[in-house]
Peer 1: 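One structure is given below, represented as structure tokens, and several questions about it will come after.
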Amino acid sequence: MAKKKKKMIKLNQSIRHFFGDEGFDEGIERVPTESLIALAHTLGVFNGTTDKTTLIKTFRRLWSEGESENRALIVEFFKQEGKTYPNPKPKEKPHEREEKIDELLESFDITSDERRALHASFIDIRTRKITPEKIAAKLEHIRYTHKREALEKALEGKFNFDDTLEYYAPIAYHVDNETFTKIHILKTPPLNGKRLHEEALEILVPEISELKSALTAQKQEQTNLFLASLNLSSHRYLSKEQIIATLKSAPPSVQTYGALSSEIVRDVCTRHLHIPLTSVGSEDLMIEIEKQLTLPHRKEPLSYTLSLHLDAHELSRQIWNEEELTVTAMVQEQSVHEERAFLEELSHLIEECHTRAKLLEMSDDTLYGIVYELLFPYLTHTPHISSKTSRRVLFSFDQRIANELLKRQRQALLARTVRDFKNLFPLARSLRRRLIFHTGPTNSGKTYTAFQQLKKAGTGYYLAPLRLLALEGYETLREQGVSASLITGEEQLLDEDATHISSTIEMLNFETEVDCCVIDEVQMIDDRDRGWAWANAIIGAPAKTVIMTGSPNAREAVIALAEYLGEPLEIIEFERKNPLELLKSPTPIDAIEPQSAIIAFTRSNALRLKQQLSKTYRTSVIYGNLSPEVRREEARRFREGETDILVATDAISMGLNLPIKTLLFSKADKFDGQNQRNLTATEVRQISGRAGRYGLSEKGYVGALTSDVLKTISTLFTKPIEPIALPFNVMANFDHIMLVSTILEEKSLSNIVDFFVENMKFEGPFRAANLESMQEASAIIDHYDLDMRTKYTLATAPLSTSSPLVMAAFERYVRALEQKKPIAYIPPQRLGHYALSMEELQEAEDRIKEISLYLWLSYRMGEYFVDAEKARTFRGELNRFIENSLQQSHFVPRCKTCGKPLAPNSEFAICQSCFYNLNRAKQGVRNVTNPSSRSERDSRKSFRHGR
């Protein structure tokens, strides 16, 4: 700034050189028109006019704007022109002005003092502007000033600007038994200005003196009345002593009453208003009161100090006149005003922060909490957010949210990148795929037909929902002369010359192109935990022909996917090969015929039924917790007639080809992983379809063990099947996880999975899969220092999070991988011929899961999992142990509370004694006068065995 000012001063001095030491505005008038036109061209402001006056106005405006560039161009123009334009009139000399003043004063009749005053008044005025009229006016003013001063001296007062006379008047005070005189400041009404100018002092002084006397007498009378009105003995605010002392000590004033001392005012406010004065001045008073303000979205109020300025004269008047003091009302009014203003300022600040953090979608509680944290250190005792404070808070707020905002911006970029999910499978998109959907009920030949087409293809993939079905598909292809490999999560049987691959659906390789791909049981796309695998496979299977097989309720889902993909779809409908008949009456447990399957929906119920049936029938049992090898062996025993009855959970509903003539439901409800609920029509149809397999029996029969179950099953059996609801779950592969990690700069797999599940929005009928087991595994893995590929591999492993044994093994594996140590398989210490209790059987099943996890990881990280063969050996032993155990009939269910054996036909998890003890304990907590109206049987329903 100083540099610019210095430059402007230099330019002003330079231009004076060309104008005879005069300024720009005077000198430019002497420049000829042709030079002005040339200057306008030079500055680029010529608009066609040649009028000199207009040009001069333009240049004066440019010069006055103070732009140094324009001034520099103008100075440079006159330098180049090389001409000067001095004032042709000679400069005025100082002695000439004095001579003119003296010459004019000769015509006036003035004193020597007046001459000196006039000379001093005009010595700095230009000669040409000094006129007789101005000298005459000035002379009159000087003489009137002298007259006023004489009046003020004679009247002992002082004239104000409005021609009022202010003077001191002695007023006598008679209070109680005391008499004293006080000086008051009095004022006359405005006097006639014309008379003050024209009348002589001899006339004005007596007249104004008489006016003073009258005003003084009037003031004395007012004072007497005021004193007479004072209630000396019982004044509302003041004591007699305070009144007399104040009147005596009051300084000269306009008021009749004296100004109260600070001590008296402080005392009155404290006694009558309970408000302490913090500052007392001659003109105003200040009080400070501690207040609290309730703030939005904050439990603790804001404490602040209310500062209020009072008019000392007005407060004194109210006290003297014993009026109601207005301080309390003023405090309330000021408090409301300041709090309202502060809340408005806070609202504006919050709104600005909300705008800046809009992408973060903060809750109001969170947003207000951050703003309060940043704002309070800047607040003084008064609640006010200045513009400077607001700027500070916004700056700190921007810094606080910068990283999160950047992360959200990256998330938005990521969402745009992968929103169209089909584009995450480039190989599939590059093929002109043809979609075929084989739909129909069970036992309709849809999968068989698909296998025939798969067998004819040059290369192909069979994707099964279960490892057991993948194994059957592998064996079927090989039996029909097709070279094939088996790939499951925990087992790989590879043939270097294989043209076909049979695998579980999660093991699909999206980078290996084939001619034909069969995706079995596509209705599983609706599965809460695994449905994403079917959606990913249908969208991304790299095959020229994709054949899907599934139940009719998947029809709308497949059509929606085909429309989204823009690929042609052919739907082939199949009819069941042999009929299913619904039994009219329930089948008692002692009247079950051979070649029957009984469906139980939990492991414990399956084992209990097996225990009951084993007394009369040779029985096989299949449930989900068994290893595929044991399930296969149990199915073989039933298929080859070694057993008469099969007890199974709904694990048999997908593809197991068994000689079941009659299928009986033991229950009509199941636990789906979240809730205990009734079966759906789709589930009843799918399970019932296992009865009466084509080529094994001419007709299948469906029934139930009890009448209430049969009634429910009969209703669902004939009920129309509801189509699968949209949207579908989808899940990203490792490349997608790395894309999220890179864009978000995120190293936590748990955070990446959570982001994918909660934030990813897709075009088409999709949503991110809610993989609870993967999220749980990620939370464990993130505690260890592992690379992202290792984390992803571990998180997608077949982890049974409900098994403490499997979870303990998993954490041991993760710790060893962090330390880059080889991981041995640790076999069980002791293994008998068969399980002696259900707990032993459960442990054996969990050890099979542990081996499955170990083998699954060994195929992906073989350099660390070095005991794969040892694990396979022990899996065989454990499978034989479980097979032998299932063939026993000695299993005795035990009470979950005391461990005592339960009756074989007991449907409850605790014994009768423990039930009564628990019931009595509950009743002791309740009001004994209000016993439960439920029957004993109803009250025990909550103690049934869980899954």
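Just so you know, these numbers come straight off a predicted model, no measurement behind them.
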Peer 1: I'd like to know whether the aromatic ring centres of Tyr462 and His500 sit less than 6.0 Å apart in this structure.
Peer 2: no

Peer 1: CZ/Arg631 to OG/Ser620 distance, rounded to the nearest 0.5 angstrom?
Peer 2: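 Output value for this atom pair is 14.0 Å.
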
Peer 1: Do Tyr864 and Tyr813 have their ring centres less than 6.0 Å from each other?
Peer 2: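 Judged by ring-centre distance (under 6.0 Å), Tyr864 and Tyr813 do not meet the cut-off.
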
Peer 1: By the definition side chain to side chain contact (heavy atoms under 4.5 Å, CB included), identify the one residue from Leu466, Thr447, Ile505 that meets it with Asp520.
Peer 2: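 One option only clears the test, and that one is Thr447.
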
Peer 1: Regarding Arg530 and the six-membered ring of Trp534, is the cationic atom NZ or CZ under 6.0 Å from the ring centre and inside 45° of its axis?
Peer 2: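 The answer is no; the distance or angle limit is not met.
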
Peer 1: State whether Glu633 and Arg637 are salt-bridged, where the test is any N-O pair (Lys NZ or Arg NE/NH1/NH2 against Asp/Glu carboxylate O) under 4.0 Å.
Peer 2: no

Peer 1: Before accepting this row, confirm whether a basic side-chain N of the pair Glu629/Arg467 lies closer than 4.0 Å to the acidic partner's carboxylate O.
Peer 2: yes

Peer 1: May I have the step-by-step check of salt bridge (charged side-chain N to carboxylate O under 4.0 Å, His left out) for Arg872 and Glu869, ending in yes or no?
Peer 2: CA-CA 5 Å; Arg872 289 191 191 93; Glu869 289 303 320; 2.6 Å; yes

Peer 1: Counting heavy atoms not belonging to Tyr448, are there more than 12 under 6.0 Å from its OH?
Peer 2: no

Peer 1: Do you see a donor-acceptor pair shorter than 3.5 Å between the side chains of Ser803 and Asp846?
Peer 2: yes

Peer 1: Just by distance, no angles: are the side chains of Asp669 and Gln676 close enough, under 3.5 Å, to form a donor-acceptor pair?
Peer 2: yes

Peer 1: For the pair Glu818 and Arg815, find out whether any cationic side-chain nitrogen is under 4.0 Å from an anionic carboxylate oxygen.
Peer 2: no

Peer 1: Quick one: does Tyr461's side chain have a donor or acceptor within less than 3.5 Å of a partner on Asn509's backbone?
Peer 2: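 Judged by distance alone, yes, a pair lies under 3.5 Å.
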
Peer 1: List the steps, then state whether side-chain contact (heavy atoms from CB on, under 4.5 Å) holds for Ile598 with Leu613.
Peer 2: CA-CA 10 Å; Ile598 303 175; Leu613 292 166; 3.4 Å; yes

